[in-house]
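We count residues from 1, following the sequence as given.
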Amino acid sequence: MDVVSRGRVVSRDGTEIGYERYGDGRAVVLVDGPDCAGRALAGLLARRFSVVMYERRRAAALEREIEDLAAVLEAAGPRAAVHGTETGGALALAGAAAGLPMDAVSVYEPEPLADGLVRAVHARVLVVDGGASPAATRQAARALTAALPRARHRTLTGQTHEVAPHVLAPVLAEFLDEPVP
């Protein structure tokens with residue numbers, strides 16, 4: 001996977017955030033979880049999309065991380081979609097709730113969010129979980145889907161909390177390719 005470009009954006013508090021862009025096409029910002037395993041997924045999605053990955057501030061308050069995501073979205077361009085895994089999924093949804101300009105949001109087994117934040121998300125959302133993940137994780141994904149105004153749910157058979165990128169990528173691509181109503 002070749003880097004198309006590297007850049008830096010400045011978050012609202014003055015912190016510089018580095019990012020890399022792969023591929024060409026509609027912009028998709030990947031918000032990694034704690035395992036930083038998004039590179040393989042980025043490589044698969046970069047065949048059809050312009051994938052932007054950035055360096056998250058791991059110990060930052062949610063408000064700072066939302067400001068960072070806002071700066072990255074501005075660099076990604078209009079109509080960008082966002083995908084987040086675990087804590088990255090929670091951040092993606094919190095950013096959507098805060099009104100960041102996201103065309104669509106997909107999340108894989110996100111960390112739980114406060115109900116007030118969930119109700120404020122008005123973007124199209126795909127909530128994905130693994131069929132071999134713990135029952136509580138799958139139930140939380142279904143409950144989140146039910147609470148979001150414009151969401152749908154998908155379970156990936158045989159997948160665990162550590163989803164295989166080659167299984168997740170086509171599901172995300174199908175969701176992102178849907179016409180926006």
*Same cluster or not: are Val127 and Val118 linked, directly or through other Ile, Leu, Val, Met, Phe, Trp or Tyr residues, by side-chain heavy atoms under 4.5 angstrom apart?*
yes
*Minimum-distance pair of heavy atoms, taken over all atoms of Ala81 and Leu176*: CB-CD2, 3.4 Å
*Worked check of side-chain contact (heavy atoms from CB on, under 4.5 Å) between Val105 and Val121*: CA-CA 10 Å; Val105 179; Val121 175; 5.6 Å; no
_Restricting to salt bridge (charged side-chain N to carboxylate O under 4.0 Å, His left out), what partner residues turn up for Arg57, sequence neighbours left out?_
Asp13, Asp68
*Minimum side-chain heavy-atom gap Leu156-Tyr108 below 4.5 Å*: yes
*Rounded distance [0.5 Å steps], CG in Leu41 versus CG in Leu30*: 5.5 Å
*Just jot down the side chain to side chain contact (heavy atoms under 4.5 Å, CB included) partners of Glu65, sequence neighbours excluded, or say none.*
Arg56, Ala60, Leu91
*All side chain to side chain contact (heavy atoms under 4.5 Å, CB included) counterparts of Ala75, not counting sequence neighbours*: Val9, Tyr19
*State the CD-CD distance between Glu20 and Glu55, to the nearest 0.5 angstrom.*
8.0 Å
*asked:* If you count every heavy atom of other residues, nucleotides or ligands that lies below 6.0 Å from Arg12 atom CZ, does the total exceed 12?
replied: no
*Could you pull out all residues at least two apart from Asp24 that satisfy side-chain hydrogen bond (donor to acceptor under 3.5 Å, both in side chains)?*
none
*How many angstroms lie between atom CZ of Arg150 and atom CZ of Arg124, to the nearest 0.5 angstrom?*
7.0 Å
*Please assess Leu172 against Leu45 for the test side-chain contact (heavy atoms from CB on, under 4.5 Å), listing each intermediate value before the final yes or no.*
CA-CA 8 Å; Leu172 297 182; Leu45 290 174; 4.2 Å; yes
_Is there a continuous path of hydrophobic side-chain contacts, each under 4.5 Å between heavy atoms, that joins Val163 to Val31?_
no
_Holding to side-chain hydrogen bond (donor to acceptor under 3.5 Å, both in side chains), I want the full list of residues that pass it with Gln159, two or more places apart in sequence or in another chain._
none
*When you look at Ile66 and Leu100, which way does the side-chain contact (heavy atoms from CB on, under 4.5 Å) test go after all the steps?*
CA-CA 8 Å; Ile66 290 172; Leu100 298 185; 4.0 Å; yes
*Could you pull out all residues at least two apart from Ala173 that satisfy side chain to side chain contact (heavy atoms under 4.5 Å, CB included)?*
Arg48, Phe49
*Is NZ or CZ of Arg8 both nearer than 6.0 Å to the six-membered ring centre of Tyr54 and within 45° of the ring axis?*
no
*Under the side-chain hydrogen bond (donor to acceptor under 3.5 Å, both in side chains) rule, collect the residues that match up with His161, sequence neighbours excluded.*
Glu86, Glu109
*Residues in side-chain hydrogen bond (donor to acceptor under 3.5 Å, both in side chains) contact with Arg154, at least two apart in sequence or another chain*: none
_Would you say that Met102 contacts Val29 through its side chain, given a criterion of any heavy-atom pair below 4.5 Å between the two side chains?_
no
*Do you reckon Leu69 sits in the same ILVMFWY cluster as Val28, going by side-chain contacts under 4.5 Å, direct or chained?*
no
*Working to the nearest 0.5 Å, report the span between OG1 of Thr85 and CD of Glu162.*
11.5 Å
*What's the verdict on side-chain contact (heavy atoms from CB on, under 4.5 Å) for Leu117 and Leu93, showing C-alpha distance, side-chain angles and the deciding distance?*
CA-CA 8 Å; Leu117 279 178; Leu93 290 170; over 6 Å; no
I'd like a table of donor-acceptor pairs (distance under 3.5 Å, sequence neighbours excluded) in which one partner is a side-chain atom from residues 138-149, with atom names and distances.
| from | atom 1 | to | atom 2 | distance (Å) |
| --- | --- | --- | --- | --- |
| Arg138 | NH1 | Gly131 | O | 3.4 |
| Arg138 | NH1 | Ser133 | O | 2.7 |
| Thr145 | OG1 | Ala141 | O | 2.8 |

_pair Val128-Thr155: side-chain heavy atoms closer than 4.5 Å_ = no
_Could you report the tightest heavy-atom contact between Ala40 and Pro165, atom names first, then the distance?_
CB-CG, 3.7 Å
*Nearest heavy-atom pair of Pro110 and Ala90: which atoms, and what distance?*
CB-N, 3.8 Å
*asked:* To the closest 0.5 Å, what do you measure between NE2 (His83) and CG (Asp32)?
replied: 8.5 Å
*Identify, with sequence neighbours excluded, every residue that meets side chain to side chain contact (heavy atoms under 4.5 Å, CB included) alongside Ser5.*
Arg21
_Just verifying a value: how many Å separate Leu168 CG and Ser106 OG, rounded to the nearest 0.5 Å?_
7.0 Å
_Hydrophobic clustering (ILVMFWY, side-chain heavy atoms < 4.5 Å, transitive) - are Leu73 and Val51 grouped together?_
no
_Just to verify, what does Arg47 make a salt bridge (charged side-chain N to carboxylate O under 4.0 Å, His left out) with, not counting sequence neighbours?_
none
*With a 4.5 Å heavy-atom cut-off, do Leu126 and Val171 have their side chains touching?*
yes
_Contact summary for Ala27 and Ala76, nearest pair of heavy atoms_ = CB-O, 3.5 Å
